[in-house]
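Lettering follows sequence order; numbering is per chain, from 1.
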There are 2 protein chains.
Amino acid sequence: MPYNYFFACFVKKFYEVESIRYYEQEADFKVAVDCIIFGFDEEGLKLLLLKRNFEPCKGEWSLMGGFLRADENLDQAAERVLRDCTGLEKVYMEQLMTFSDVGCDPGARVVSAAYFALMDIRNYDKEAVSSYNAAWVLLEQVPPLIFDHNQMVTKALGRLRRRATNCPVGFNLLPQEFTLPSLQMLYEAIFGCEIDKRNFRKKIHSMNILINTGKKDYSTSKKGAYLYSFDEEKYNSMLENGYNQNFFNI
Amino acid sequence: MPYNYFFACFVKKFYEVESIRYYEQEADFKVAVDCIIFGFDEEGLKLLLLKRNFEPCKGEWSLMGGFLRADENLDQAAERVLRDCTGLEKVYMEQLMTFSDVGCDPGARVVSAAYFALMDIRNYDKEAVSSYNAAWVLLEQVPPLIFDHNQMVTKALGRLRRRATNCPVGFNLLPQEFTLPSLQMLYEAIFGCEIDKRNFRKKIHSMNILINTGKKDYSTSKKGAYLYSFDEEKYNSMLENGYNQNFFNI
DNA sequence: ACAAAAGTGTTCTCCATACACCCATGT
DNA sequence: ACATGGGTGTATGGAGAACACTTTTGT
């Protein structure tokens, strides 16, 4: 229970009467969170989308969403929404931007905070996903979505690209152990362009944030590709020591 | 009147009854906008802050803020707040992030979208500013602010730095005509470090986005420094032609 | 003459880019 | 033997960083 909570309870008494004077004439809004959930596999970069089996807009495609509750903040609401529909906790998430156009949701006056999430597409609760009638859709094949959700997706992709250039955020889209060819494919998918294999590997190796597990993945070639894991500790200590370089520059 | 508006009116009829079923059990929130307003003069980078002469938290320092109205979106609300307290329109503004901690504003459950703005400190409505009891405060001397406003300021500074490295957003903080020494001082203030004069000028000149007006400003030296203006047209055409370089790299 | 700010060029280093061949293995 | 994907090194160009002196003019 955070300190703020007690403070709020304490101060509330003081404000209880006053607050009516200050705030009561202001308009009320529903506050939503919508999650742009990225995943990645050999086919490419994907989004987890809902073919809605509930109202409103039943039958149409949308992002995962939900409403903010009085006793939580937006980060918590976004985590809850993600947990509900994928069964996952501790997924990389980041607030993207808040959308607020009048009449965007015709059902009510809603202000919607978009969050983007990066997750390992091989590791989620299939039952939860299918109960929401959700599916992984290739980024290039995203259908028209309800409200301003397509706009949110566009924003999220831009943010993902910027993040991926500045920090090694891409690892969140891969399993804990991954091969360099798959890491390169991921970056090619994020940036939508081809990358020279030698330059890519040189860059990655020069950063010294990968650990070669010694194991090999033989699923895509006869020779087999080494499995690496991300050395988060090393990366964090680099950050503390003022590492300020671009992680990846196209 | 945007297309969406008609659409909303049309669809509303359909939803009027239904919406009650979908949304009525969701919590209501007040939605605020808070503006982090940057200015710059020879003393350094400054923020426009309020010493509140109204409740709540009368007597304390805060950002400029206001509540979202039912008939506007967040961008419009932020513009309105800025217009009310500085008399300015068409100021560079950008949505920063939405803050939503429970108990942050003890007066009510408020979700607050922070905006950051860049303006020419020499050009604003002094009466409006003083009627709000507002003042320009050096960034290094920002006092404790109410709620989570200090956190917003920190975020805004980070965003400003990132923006300034990627695009020539700094010009919004200067008068229409400015000298290279003052432009350099601005960047030194934004990044909080010294910059080599020759390298700075080389970089700026190589971009070809400044117009030398031929006029000189003699206010800071006997020799006088040339006044330049930002060639927005040229910059836009560069963008269209796929200019993708960093504007400024420390 | 001198103080005070404006203005200017060169060298070095490092990083991004372009580019072609060998390796391991299953068939 | 060969097809398939994994893995490696070198040469070049361009941009950032370091660095010192001349110009102008008011006093």
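- Under a 3.5 Å cut-off, the side chain of A:Asp217 and the backbone N or O of A:Leu227 do not form any donor-acceptor pair.
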Response to the item:
The dot-bracket string of DNA chain D, counting Watson-Crick and G-U wobble pairs with both distances under 3.5 Å, using [ ] for crossing pairs and | for pairs to another strand, is |||||||||||||||||||||||||||

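- Atom-to-atom, CG of B:Asn212 to C1' of C:dA6 comes out at 13 Å; the value is rounded to the nearest Å.
- Figure legend: cation-pi geometry between A:Lys222 and A:Tyr218 absent, as NZ or CZ is not positioned both under 6.0 Å from the six-membered ring centre and within 45° of its axis.
- The side-chain heavy atoms of A:Arg52 and A:Asn133, taken from C-beta on, include no pair separated by under 4.5 Å.
- The pair A:Arg163-A:Glu94 meets the salt-bridge criterion, with a side-chain N (NZ, NE, NH1 or NH2) lying under 4.0 Å from an Asp/Glu carboxylate O.
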Which atom pairs link the protein and nucleotides 6-10 of chain D when you take only N or O atoms and keep those under 3.5 Å?
{"unit_1": "D:dG6", "atom_1": "O3'", "unit_2": "A:Gly224", "atom_2": "O", "d": "3.3"}
{"unit_1": "D:dG6", "atom_1": "N3", "unit_2": "A:Lys223", "atom_2": "NZ", "d": "3.2"}
{"unit_1": "D:dG7", "atom_1": "OP1", "unit_2": "A:Tyr226", "atom_2": "N", "d": "3.0"}
{"unit_1": "D:dG7", "atom_1": "OP2", "unit_2": "A:Arg201", "atom_2": "NH2", "d": "2.7"}
{"unit_1": "D:dG7", "atom_1": "O5'", "unit_2": "A:Arg201", "atom_2": "NH2", "d": "2.9"}
{"unit_1": "D:dG7", "atom_1": "N7", "unit_2": "A:Lys197", "atom_2": "NZ", "d": "2.7"}
{"unit_1": "D:dG7", "atom_1": "O6", "unit_2": "A:Lys197", "atom_2": "NZ", "d": "2.9"}
{"unit_1": "D:dT10", "atom_1": "O4", "unit_2": "A:Lys202", "atom_2": "NZ", "d": "3.0"}

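- The two residues A:Met152 and A:Ala114 come nearest to each other via the heavy atoms SD-CB, 3.9 Å.
- Rounded to whole Å, the distance from CD1 on A:Ile204 to P on C:dC15 is 15 Å.
- A:Glu194 places its CD atom 15 Å from the C1' atom of C:dT17, with the value rounded to the nearest Å.
- Taking atom CD1 on B:Ile195 and atom C1' on D:dA18, their separation rounds to 15 Å, with Å as the unit.
- Whole-Å rounding puts the B:Leu183 CG to C:dA6 C1' distance at 15 Å.
- Salt bridge present: A:Glu89 and A:Arg83 bring a charged side-chain N and a carboxylate O closer than 4.0 Å.
- Judged by the 6.0 Å and 45° rule, B:Lys126 forms a cation-pi pair with B:Tyr124.
- Salt bridge A:Lys46/A:Asp41: present, at least one basic N to carboxylate O contact under 4.0 Å.
- Each of B:Tyr187, B:Phe171, B:Phe230, B:Tyr228 was evaluated against B:Phe178; a single residue qualifies, B:Phe171, per the ring-ring contact (aromatic ring centres under 6.0 Å, His included) test.
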Pull out every protein N or O sitting under 3.5 Å from an N or O of nucleotides 1-3 of chain C, one pair per line with the distance.
none

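- Using modelled atom types, no side-chain atom of B:Asn73 and backbone atom of A:Val111 make a donor-acceptor pair closer than 3.5 Å.
- No donor-acceptor pair closer than 3.5 Å links the side chain of B:Asn199 to the backbone N or O of B:Ile195.
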